[in-house]
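Working notes, structure below.
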Amino acid sequence: MSRVCFSAFSDLHHHPGVFYSQAEKRLAAIRARAEKNQVDFVISCGDFCHNVEVSAELLKEYDNFPMPVYHVIGNHDSDRAPYVETLKRFHLDCGYYFFDQNGFRFVVMDTNYVLIDGVYEHYDMGNYYSHPDSCEYIPPEEVAWLKSTLESSPYPCVLFSHGSIERSDDVPNAPEIVALINEENRKTPGKVRLVINGHHHRDFLRIMDDVVYMELNSTTYDYLPESHDFYPVELVNENKVANHTIIYTEPVHAIITMDYDGSIDIQGMKGDYFMGVTREMTTNPPGDNCGRVCTPDVLSASFRMFYGKGQ
């Protein structure tokens, strides 16, 4: 029986002087838990940082984990450094790629393209901020690559992305990707089993057409459009956007174990609110565009999916 165990975290948001992320401490805790659980690899589901040059030492700490580590490109990872430099620091030739491990194929998508005058351009130095209604596309060449990657896989597949293909308010061509997944599963039941995204700083799980879609919470905070004044002035002076966040006390993330027989075990973790400040205490609505509320944790769940004969 093929079995794989991995650690997944998202939205660390290392951005010194801007967010109170305590990134070094959180990353160290993620490493310790990964070692304790003897995971096969660790993956960041995007927004590791806002400037790979400023975050060079933190990236080195991640690279020095005693197991393989991987990156999903997030929308903020190239905000203040060129995209080519982000790829270099993440040890990637391209923002979308795959790797095979323990009888599974892990497919990393890149949802960070902006459509400008009919041309798909990758997020680079904040270029997408000027085109808020044309963001988070998966371009046609990547869709073709994804189709080929799934079709050619001899293994069940797990997909990672930063933007969500499950939500109705995110990747514009998400229905095309969902249809592609469902077509592969029609031809080979259980070909795509789990799809994980970050980006929205929400804890959510949904099973749709026999595929588990997991929205992975930020390991650090929830972002607020409207600021609050509950944090000390000193903290906000040192981290100028801290009052636009609800900070989590623990680096919430997941340890996920999968078996070829369809078993999926998600071990999340519970956290709390830093200084007791919750979203409900602010003037912001409790839920996001999809009605999903802020919680300082990642869910735990254990179940088995049945895909076809003999399973």
Side-chain angles (χ1 to χ4, degrees), residues 7-13 15 18-23 26 29-30 44-48 72 74-76 111 132 135-136 160-172 174 178 194-208 211-231 235-236 239 241-256 264-303:
S7 169
F9 71 96
S10 192
D11 295 272
L12 181 62
H13 284 285
H15 200 3
V18 179
F19 292 120
Y20 184 61
S21 67
Q22 303 173 295
R26 293 179 192 273
I30 290 168
S44 164
C45 291
D47 285 357
F48 187 94
V72 178
N75 58 301
H76 289 299
T111 60
C135 293
E136 294 193 271
F160 298 99
S161 62
H162 189 59
S164 169
I165 63 169
E166 172 269 327
R167 279 176 169 253
S168 60
D169 66 337
D170 201 350
V171 176
V178 172
L194 175 63
V195 180
I196 300 176
N197 73 272
H199 188 41
H200 293 277
H201 299 216
R202 288 294 182 270
D203 178 42
F204 185 79
L205 185 143
R206 174 186 184 187
I207 298 175
M208 181 171 64
V211 179
V212 179
Y213 290 86
M214 181 179 182
E215 187 152 81
L216 188 59
N217 202 352
S218 167
T219 195
T220 307
Y221 66 78
D222 181 31
Y223 184 79
L224 305 174
E226 300 294 331
S227 67
H228 63 79
D229 58 3
F230 293 107
Y231 292 146
L235 186 146
V236 177
N239 307 273
V241 187
N243 59 355
H244 275 276
T245 64
I246 296 297
I247 301 166
Y248 307 149
T249 58
E250 304 298 325
V252 294
H253 62 287
I255 302 290
I256 300 173
I264 301 176
D265 181 72
I266 302 169
Q267 293 299 317
M269 58 185 294
K270 295 287 187 180
D272 210 336
Y273 296 105
F274 177 65
M275 298 187 68
V277 180
T278 69
R279 188 179 177 107
E280 287 75 15
M281 294 166 60
T282 75
T283 57
N284 293 271
D288 62 12
N289 290 342
C290 287
R292 298 174 189 178
V293 298
C294 169
T295 58
D297 45 49
V298 168
L299 60 86
S300 293
S302 187
F303 46 88

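This one's a predicted model, so the numbers in the text were calculated from it and none came from an experiment. The residues of the chain are indexed from 1 along the displayed sequence.
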Stepwise side chain to side chain contact (heavy atoms under 4.5 Å, CB included) check, N197 with T111: CA-CA 10 Å; N197 73 272; T111 60; over 6 Å; no
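- Two residues are said to be in side-chain contact when any heavy atoms from C-beta on lie closer than 4.5 Å; V72 and I196 fail this criterion.
- Looking at residues two or more places apart in sequence or on another chain, you find a side chain to side chain contact (heavy atoms under 4.5 Å, CB included) between S300 and Q267.
- Looking only at side-chain heavy atoms (C-beta outward), H15 and H76 stay at 4.5 Å or farther from each other.
- Residues H200 and D170 form a side-chain contact, since some pair of their non-hydrogen atoms from C-beta on lies under 4.5 Å apart.
- Nearest heavy atoms, V277 versus I246: O-CG2, 3.4 Å.
- The side chain to side chain contact (heavy atoms under 4.5 Å, CB included) check on S10 picks up C45, H162, L216, with sequence neighbours excluded.
- Minimum interatomic distance between A242 and L235 (heavy atoms only, all atoms of both residues): CB-CD2, 3.3 Å.
- At least one side-chain heavy atom of I30 sits less than 4.5 Å from a side-chain heavy atom of S7.
- In this structure, H228 contributes its side chain and F230 its backbone to a donor-acceptor pair below 3.5 Å.
- Smallest separation of non-hydrogen atoms from V298 and D203: CA-OD1, 3.5 Å.
- D169 meets the side chain to side chain donor-acceptor pair (under 3.5 Å) test with R167; sequence neighbours excluded.
- Here the CZ-OG1 distance, from F204 to T295, works out to 11.5 Å after rounding to the nearest 0.5 Å.
- Listed by first and then second residue, the salt bridge (Lys or Arg N to Asp or Glu O under 4.0 Å) pairs that reach into residues 265-279 are D222-R279, K270-D297, sequence neighbours excluded.
- Contacts of Y221 classified as ring pair (Phe, Tyr, Trp, His ring centres under 6.0 Å), with partners at least two apart in sequence or in another chain: H13, F19, H201.
- Residues Y273 and C294 form a side-chain contact, since some pair of their non-hydrogen atoms from C-beta on lies under 4.5 Å apart.
- Between the side chain of T245 and the backbone N or O of I247, no donor-acceptor pair lies under 3.5 Å.
- At least one donor-acceptor pair under 3.5 Å links the side chain of T219 to the backbone N or O of V252.
- Rounded to the nearest 0.5 Å, atoms OH (Y213) and OG (S164) are 9.0 Å apart.
- In terms of heavy-atom proximity, D288 sits nearest to R292 at OD1-N, 2.9 Å.
- Of all heavy-atom pairs spanning L224 and T282, the tightest one is CD1-CG2, 3.9 Å.
- Judged by distance alone, with hydrogens and angles left aside, the side-chain atoms of S227 form no donor-acceptor pair with the main-chain N or O of N243 at under 3.5 Å.
- Taking all atoms of both residues into account, the shortest heavy-atom contact from N217 to Y248 is OD1-OH, 3.3 Å.
- Although no hydrogens or angles enter the test, the distance criterion places a donor-acceptor pair under 3.5 Å between the side chain of H253 and the main chain of P251.
- Applying the side chain to side chain donor-acceptor pair (under 3.5 Å) criterion to Q22, with sequence neighbours excluded, gives Y20, R26.
- Atom CG in N75 sits 4.5 Å away from atom NE2 in H199 (nearest 0.5 Å).
- Residues T220 and D11 are not in side-chain contact: their nearest non-hydrogen atoms beyond the backbone lie 4.5 Å or more apart.
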